[in-house]
A.B. asks: 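Starting off with a structure, shown below.
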Protein chains: 2
Amino acid sequence: MAMDSNTALTQLAADGADTPKGTRGSQSLADRLFYSLRKDIVEGRMPAGSKISEPELARRFDASRGSLREALMRLESLGLLERKVNVGARVVDLTERGLLELYDVREALEGMACRLAAQNRSEEDLVELRQMLHRHEQQEELQAGTAYFQPEGDFDFHFRIVQASNNDLLIDTLCNRLYYRVRMYRYQLGMASPRAHRAFREHSHIIDAIEAGDGELAEILMRRHIRASRSNIEKKLTNTD
Amino acid sequence: MAMDSNTALTQLAADGADTPKGTRGSQSLADRLFYSLRKDIVEGRMPAGSKISEPELARRFDASRGSLREALMRLESLGLLERKVNVGARVVDLTERGLLELYDVREALEGMACRLAAQNRSEEDLVELRQMLHRHEQQEELQAGTAYFQPEGDFDFHFRIVQASNNDLLIDTLCNRLYYRVRMYRYQLGMASPRAHRAFREHSHIIDAIEAGDGELAEILMRRHIRASRSNIEKKLTNTD
DNA sequence: AACCTATAAAGTGTCGACAATCTAGAAAAG
DNA sequence: CTTTTCTAGATTGTCGACACTTTATAGGTT
């Protein structure tokens with residue numbers, strides 16, 4: 001038997017299971033299954049590497065196998081599931097290599113996002129970024145000394161930057177694809193980066209560069225920021241290994 | 001009625017419809033539908049922006065609606081289709097903006113691919129790249145003067161470089177996602193880049209940098225290469241506009 | 001005891017049918 | 001004649017059932 005039977009999966013859209021806001025009524029059952037399962041995978045309630053039985057899951061969510069399969073396939077193309085023909089689906093397993101690969105791709109894409117954001121210099125994006133940074137600053141002061149960003153803070157930052165790039169393809173690739181994998185690693189390997197103050201200053205400088213319209217600098221800073229985070233993880237991994 | 005009834009779509013896996021080699025037997029009907037439809041969309045036999053009727057398509061391919069829907073959903077997450085709940089699917093339409101966005105994302109990702117390829121410096125990758133470049137050189141001499149790369153040549157190059165990056169996530173993102181959109185634009189807006197000799201020299205220099213293990217230079221050259229192609233297109237578009 | 005074979009169970013792939021929803025066109029009101 | 005409402009047709013979403021493949025189990029053979 002592949003999965004622990006008493007891991008309590010999310011009720012179907014009982015809580016807001018990461019479902020897009022304001023579209024609650026107009027989504028199919030397969031959609032809701034997709035959102036719930038995505039959350040369960042990201043947050044580790046479906047263990048990485050575990051096999052998935054379609055009939056069992058369908059029963060558990062009280063849905064037909066067809067609708068469930070639709071959700072599973074969307075999860076597959078999200079890169080959260082792997083399916084083999086006539087064999088079935090399993091949750092992807094988290095590997096050191098996969099995590100590092102993720103960092104390299106993010107470095108490239110988020111660097112570009114910064115460059116584009118700086119070229120646009122949208123006023124509303126800038127105020128939002130500033131407000132967010134201010135909130136994070138207060139939080140940091142609150143948790144002084146020992147403090148580090150809770151991962152979600154760092155996440156907000158990267159998310160907002162990408163939005164400001166105004167490139168729909170870039171936004172989709174990062175926010176609707178890669179970030180779920182990022183969060184999966186964070187949740188399950190539980191790596192709260194201990195580089196709090198530095199990260200905050202880096203974020204601040206990046207926003208400065210964007211505000212100044214200096215795309216090249218913004219890109220360089222973001223890439224350095226991500227690469228620093230990567231080295232940090234890499235060190236930790238080779239130690240534990 | 002949305003689609004011209006006598007546009008001859010590909011027979012199901014009659015020709016090798018872009019199906020992965022060596023796996024002909026072990027693929028589901030939905031897989032074959034997916035490959036065929038992907039080819040039809042990329043090559044414009046299903047016009048960009050046209051609506052898709054599930055029953056009609058299912059009849060045409062002699063498959064059940066369920067299997068077809070599975071293929072459609074995979075096409076959606078490839079970004080080749082857009083689906084609205086209770087309304088249906090339509091082929092994405094090609095916009096100037098979308099094309100330019102594609103270039104920016106490619107610049108970021110393929111630049112990184114070059115950097116990684118240079119860091120690896122795999123011997124086999126290098127001989128393959130050299131051989132390919134040699135083939136292209138001969139073709140170019142053949143078609144002298146008027147000559148330009150047929151798009152496929154340029155495509156081979158970028159494809160191979162990405163493979164040499166040895167980053168599975170990067171490879172998947174580019175080769176299994178973005179490149180189909182690239183080819184869709186090329187087929188349908190029919191833009192054979194007229195910058196032949198220059199492109200060839202640029203390719204050559206990029207490979208040199210990779211061979212020298214100079215990741216930073218390789219990245220810069222690739223990004224410049226792609227940005228040049230982008231400006232070229234941009235100029236053409238604003239003229240015709 | 002180890003290994004191969006055959007049978008049974010479970011799981012996936014595919015299909016056709018029904019229910020809910022949207023769309024287009026006709027009928028009615030202004 | 002224009003606009004609104006309602007009805008009929010078509011399309012999508014969902015489901016349960018069947019066929020085929022894979023996997024696990026039991027039995028026999030060397």
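Just the heavy atoms: all of them, side chains too, but no hydrogens, waters or symmetry mates, feed the values below. Lettering follows sequence order; numbering is per chain, from 1.
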A.B. asks: Rounded to the nearest Å, what distance is computed from the CG atom of residue B:Leu29 to the P atom of nucleotide C:dG16?
C.D. replies: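 Roughly 11 Å, once rounded to whole Å.
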A.B. asks: Using the side chain to side chain contact (heavy atoms under 4.5 Å, CB included) rule, pick out the option among B:Thr173, B:Leu174, B:Leu178 that qualifies with B:Val105.
C.D. replies: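 Answer to the side chain to side chain contact (heavy atoms under 4.5 Å, CB included) test with B:Val105 among B:Thr173, B:Leu174, B:Leu178: B:Leu178.
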A.B. asks: Provide, to the nearest angstrom, the distance between the CZ atom belonging to B:Phe61 and the C1' atom belonging to C:dT14.
C.D. replies: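 Distance check: B:Phe61 CZ to C:dT14 C1' gives 17 Å.
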A.B. asks: What nucleotide, of D:dT12, C:dG11, C:dC15, holds the atom closest to the side chain of A:Lys51?
C.D. replies: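 Within the option list, the nearest is C:dG11.
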A.B. asks: Report the distance from atom CG of B:Leu57 to atom P of D:dA10, rounded to the nearest whole Å.
C.D. replies: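 B:Leu57 atom CG is separated from D:dA10 atom P by 18 Å.
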A.B. asks: May I ask you to check if B:Arg227 and B:Tyr103 form a cation-pi contact, with NZ or CZ under 6.0 angstrom from the six-membered ring centre and within 45° of the axis?
C.D. replies: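 B:Arg227 over B:Tyr103 ring: no.
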A.B. asks: At less than 4.0 Å, is any side-chain N or O atom of B:Arg69 found next to OP1 or OP2 of D:dG13? Yes or no.
C.D. replies: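 Indeed, a polar side-chain atom of B:Arg69 lies that close.
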A.B. asks: Quick one: does B:Arg65 reach the base of D:dG13 with a side-chain donor-acceptor pair under 3.5 Å?
C.D. replies: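 Check passes, donor-acceptor contact within cut-off.
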A.B. asks: What is the distance from CG of B:Leu72 to P of D:dT12, rounded to the nearest Å?
C.D. replies: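 In whole Å, D:dT12 P lies 9 Å from B:Leu72 CG.
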A.B. asks: Under 4.0 Å, counting only non-hydrogen atoms across every strand here, what does A:Gly88 touch: a base, just sugar-phosphate, or nothing?
C.D. replies: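 Answer is sugar-phosphate: A:Gly88 comes under 4.0 Å of backbone atoms only.
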A.B. asks: In whole angstrom, what separates A:Met73's CE from C:dT12's P?
C.D. replies: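 Going from CE in A:Met73 over to P in C:dT12 covers 14 Å.
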A.B. asks: Could you check whether B:Asn232 and B:Ser229, counting side-chain N and O atoms only, form a donor-acceptor pair closer than 3.5 Å?
C.D. replies: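 No, no side-chain donor-acceptor contact under 3.5 Å.
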A.B. asks: With a 4.0 Å limit, can you tell me whether B:Arg32 has a side-chain N or O closer than that to the phosphate oxygens OP1/OP2 of C:dT14?
C.D. replies: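 It does not, given that no N or O in the side chain of B:Arg32 lies less than 4.0 Å from OP1 or OP2 of C:dT14.
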A.B. asks: Between D:dG13, D:dT11, D:dT22, which one does the side chain of B:Ser53 approach most closely?
C.D. replies: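 Among the listed nucleotides, the one closest to the side chain of B:Ser53 is D:dT11.
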A.B. asks: Would you be so kind as to tabulate the donor-acceptor pairs closer than 3.5 Å made by side chains of residues 87-95 of chain B, with sequence neighbours excluded?
C.D. replies:
| residue | atom | partner | partner atom | Å |
| --- | --- | --- | --- | --- |
| B:Arg90 | NE | B:Gly49 | O | 3.3 |
| B:Arg90 | NH2 | B:Gly49 | O | 3.2 |
| B:Thr95 | OG1 | B:Gly98 | N | 2.8 |

A.B. asks: Taking the minimum atom-to-atom distance to the side chain of B:Ser64, which one of C:dT12, D:dG13, C:dG16 wins?
C.D. replies: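 Of the candidates, C:dG16 comes closest.
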A.B. asks: The side chain of A:Ser67 lies closest to which of these nucleotides: D:dC15, C:dT12, C:dC15?
C.D. replies: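 So the nucleotide nearest the side chain must be D:dC15.
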A.B. asks: Rounded to the nearest 0.5 Å, how far does CE of B:Met132 lie from CG of B:Asp156?
C.D. replies: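 Going from the CG atom of B:Asp156 to the CE atom of B:Met132 covers 6.5 Å.
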A.B. asks: In whole angstrom, what separates A:Glu54's CD from D:dT22's P?
C.D. replies: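 That distance rounds to 15 Å.
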A.B. asks: Would you kindly compare A:Ala30 and A:Val87 by the position of their nearest DNA chain D nucleotide and give the one closer to the 5′ end?
C.D. replies: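 Nearest nucleotide further toward 5': that of A:Ala30.
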A.B. asks: What is the separation between atom CZ on A:Arg90 and atom C1' on C:dG11, rounded to the nearest whole Å?
C.D. replies: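 In whole Å, C:dG11 C1' and A:Arg90 CZ are 14 Å from each other.
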A.B. asks: How long is the line joining CD of A:Glu70 and C1' of D:dT12, in whole Å?
C.D. replies: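 Value for this atom pair: 10 Å.
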